[in-house]
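Only one structure is covered here, and it is reproduced in the block below.
Bear in mind the structure is a predicted one, so any value in this text is a computation, not a measurement.
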Amino acid sequence: SDIDQELTVIRRGDVTIDLSFTLMRYAGSSVMADLRWLLAHLDRRLVFGSDFPEYGVGEAFAALRALAEGLPEEKLRNVAGANLARLLGI
């Protein structure tokens, strides 16, 4: 199916998804369930962004932490900075 093909591309590492704006804009909506699924299954393909100055970094990070609640801490670390560091080679 199309979704299986798309997930294969994402898992292979050809795609990185930036969460800027999305965490705050869609808070409380059904999109959060989709983001939670992405965080649980594709955490190495996601990067955190706050969309500053639209939203504060602390406010956006609190939303990310809430989304990651109950998941392994490594998933939060990946999205919060490890993935971006790896992408930039630092």
Once you measure the plane-to-plane angle for Tyr55 and Phe21, does it fall in the parallel (<30°), tilted (30-60°) or perpendicular (>60°) bin?
tilted
Atom CZ of Arg65 and atom CZ of Phe48: how far apart are they, to the nearest 0.5 Å?
10.5 Å
Within one Ile-Leu-Val-Met-Phe-Trp-Tyr cluster: Leu42 and Leu64, side-chain cutoff 4.5 Å:
yes
For Gly49 and Ser20, which heavy atoms make the closest approach, and how far apart are they?
CA-OG, 3.1 Å
Has Asn83 got a side-chain atom pairing as donor or acceptor with Val47's backbone, closer than 3.5 angstrom?
no
Between Arg44 and Arg86, is there a side-chain heavy-atom distance shorter than 4.5 Å?
yes
Rounded to the nearest 0.5 Å, how far does CG of Leu39 lie from CG of Leu76?
7.5 Å
Hey, any chance Ile17 and Phe61 share a hydrophobic cluster, counting ILVMFWY side chains that come within less than 4.5 Å of each other, even indirectly?
yes
Output for pair (Glu54 CD, Glu59 CD), nearest 0.5 Å, gives 10.0 Å
State, yes or no, whether a side-chain contact exists between Val15 and Arg45 at a heavy-atom distance under 4.5 Å.
no
Is there a path of hydrophobic side-chain contacts, each under 4.5 Å between heavy atoms of I/L/V/M/F/W/Y residues, joining Val79 to Leu71?
yes
Distance col, row Thr16:OG1 vs Leu87:CG, nearest 0.5 angstrom, shows 5.0 Å
Working to the nearest 0.5 angstrom, can you tell me the gap between Thr22 OG1 and Leu67 CG?
11.0 Å
Can you get from Leu84 to Leu19 by hopping between Ile, Leu, Val, Met, Phe, Trp and Tyr side chains that sit under 4.5 Å apart?
no
Transitively linked via ILVMFWY side-chain contacts under 4.5 Å: Leu35 with Met24?
no
